[in-house]
Amino acid sequence: MSQYQIAVLVGSLRKDSLNQKLATGLTRLAPPGFSFTQVQIADLPLYNQDNDDHPAAAIVRMKDGIKAADGLLFVSPEYNRSIPGVLKNALDCGSRPTGQSAWAGKPAGIIGVSTGAIGTAMAQQHLRNVLSYLDVAVMRQPEAYLQMREGMFDPDGNIGAGSRAYLQNWMDKYVAWIQKNTG
Ligand code: FNR
C-alpha cells in the first residue's frame with residue numbers, strides 16, 4: 001500500500017487534453033510510495049449555496065476523495081488568463097458548507113501546460129490565490145510554466161526526453177514538499 005495518496009485535479013475536460021497527458025506523464029516520475037488518483041470534476045453540478053445542506057452525490061464523492069488524500073496535485077490549462085471554470089467550480093463545491101471544507105490543510109503542487117507562451121503562469125497565480133484562502137499549502141518553488149512543444153510526450157504517454165530532467169526535478173521537489181507537510 002502506498003504511503004502517500006495524492007488526489008489529482010485536471011482543469012481540462014477535453015478528450016485529448018495536454019494537461020491530462022501532463023498529469024499522466026508527470027505522475028509516472030514519482031517514486032514508489034506515492035499513488036495518484038484523479039478526482040472526477042466533470043459531473044459536479046454548478047455550485048449553488050442553496051444546496052449546502054443537501055449536496056449532490058457527486059460533490060460528496062469528490063469531497064470524500066479529497067479528504068482521504070494526503071496531498072493534492074493540480075494540473076490545469078489557462079483559460080482567458082485565469083483558471084478554467086470547471087476547476088473553480090470544483091474548488092467552490094469542495095469548500096462548503098462553512099467549516100466543512102475538504103481542502104483545508106492539504107499540501108499541494110500546481111503545474112500546467114498551454115499552447116501560449118506564458119505557459120499557464122496567470123492561471124497558476126490565480127489558483128495560488130484561491131488555494132491560499134482555502135488554507136492549502138502550495139509548494140512555492142520550483143514553479144513550472146510549460147509551453148507545449150513537439151516531443152513533450154512520447155508515444156507511450158511518458159514525458160519526452162527533452163523535458164524529463166526538468167520535470168523530474170519538479171516531481172522530486174513536489175515529493176519532498178508533500179513529505180514535509182504531512183503527518
Ligand atoms: C485557451 N488557451 C489559452 N492559452 C494560454 O496560454 N492562455 C490563455 O489565457 C488561454 N485561453 C484559452 C481560453 C479557452 C476557452 C481555450 C479553449 C483555450 C489555449 C490553451 O492553452 C490550449 O487550448 C490548451 O491546449 C488547453 O489545455 P488542454 O485542454 O489541452 O489541457
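Computation of the quantities below employed the complete heavy-atom set of this structure, encompassing side-chain atoms and omitting hydrogens, waters and symmetry-equivalent molecules. Each ligand, and each atom within it, is numbered from 1 in the order the structure gives.
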Checklist line | Contact summary for Leu87 and Leu9, nearest pair of heavy atoms | finding: CD1-CB, 4.3 Å
Next item on the list: Kindly say whether Cys93 contributes a backbone atom to a donor-acceptor pair with the side chain of Lys63 at under 3.5 angstrom?
Entry: no
Check: Would you say Ile178 and Leu167 are hydrophobically clustered, going by side-chain heavy atoms of ILVMFWY under 4.5 Å?
Finding: yes
Next item on the list: Could you list which atoms of ligand 1 come closer than 4.0 Å to a heavy atom of Arg81?
Entry: 5 (C), 7 (N), 8 (C), 9 (O)
Next item on the list: Of all the heavy-atom pairs spanning Gln5 and Ser35, show the shortest one and how long it is.
Entry: OE1-OG, 2.8 Å
Checklist line | Shortest non-hydrogen contact from Pro77 toward Pro84 | finding: O-CD, 3.3 Å
Item checked: Ser163 (side chain) donor-acceptor with Ile159 (main chain) under 3.5 angstrom -> no
Checklist line | atom 17 (C) of ligand 1: nearest protein contact (heavy atom, Å) | finding: Tyr79 CE1, 3.9 Å
Next item on the list: Among all protein heavy atoms, pick out the one at the shortest distance from atom 31 (O) of ligand 1; state its residue, atom name and that distance to 0.1 Å.
Entry: Ser17 OG, 2.6 Å
Check: Can you list the atoms of ligand 1 that are under 4.0 Å from a heavy atom of Gly116?
Finding: 6 (O)
Next item on the list: Using distance alone, decide if ligand 1 has a nitrogen or oxygen within less than 3.5 Å of any nitrogen or oxygen in Leu18.
Entry: yes
Next item on the list: Mark up the atoms of ligand 1 that fall under 4.0 Å of a heavy atom belonging to Asn19, in ascending order.
Entry: 27 (O), 28 (P), 31 (O)
Notebook entry, point to check: Looking at ligand 1, does any of its N/O atoms fall within less than 3.5 Å of an N/O of Thr120?
Noted result: no
Item checked: Pro77, Ser76, Ser114: member with heavy atom nearest to atom 6 (O) of ligand 1 -> Ser114
Checklist line | atom 23 (O) of ligand 1 touched by protein (heavy atom, under 4.0 Å) | finding: no
Note to self: Using heavy-atom distances only, which candidate in Gln20, Glu78, Gln147 approaches atom 12 (C) of ligand 1 most closely?
What the structure shows: Glu78
Note to self: Looking at Asn181 and Trp177, would you say the former's side chain and the latter's main chain have a donor-acceptor pair under 3.5 Å?
What the structure shows: yes
Item checked: Protein contact to atom 29 (O) of ligand 1 [nearest heavy atom, distance to 0.1 Å] -> Ser12 OG, 2.7 Å
Check: Between atom OG of Ser114 and atom CG of Leu22, what is the distance when rounded to the nearest 0.5 Å?
Finding: 11.0 Å
Next item on the list: Quick one: do Tyr174 and Asn169 satisfy side chain to side chain donor-acceptor pair (under 3.5 Å)? Show the steps, please.
Entry: CA-CA 9 Å; Tyr174 172 78; Asn169 178 62; over 6 Å; no
Notebook entry, point to check: Can you tell me which residue and heavy atom of the protein come closest to atom 30 (O) of ligand 1, and the distance to 0.1 Å?
Noted result: Arg14 NH2, 2.7 Å
Checklist line | Ile118, Thr115, Asn80: member with heavy atom nearest to atom 20 (C) of ligand 1 | finding: Thr115
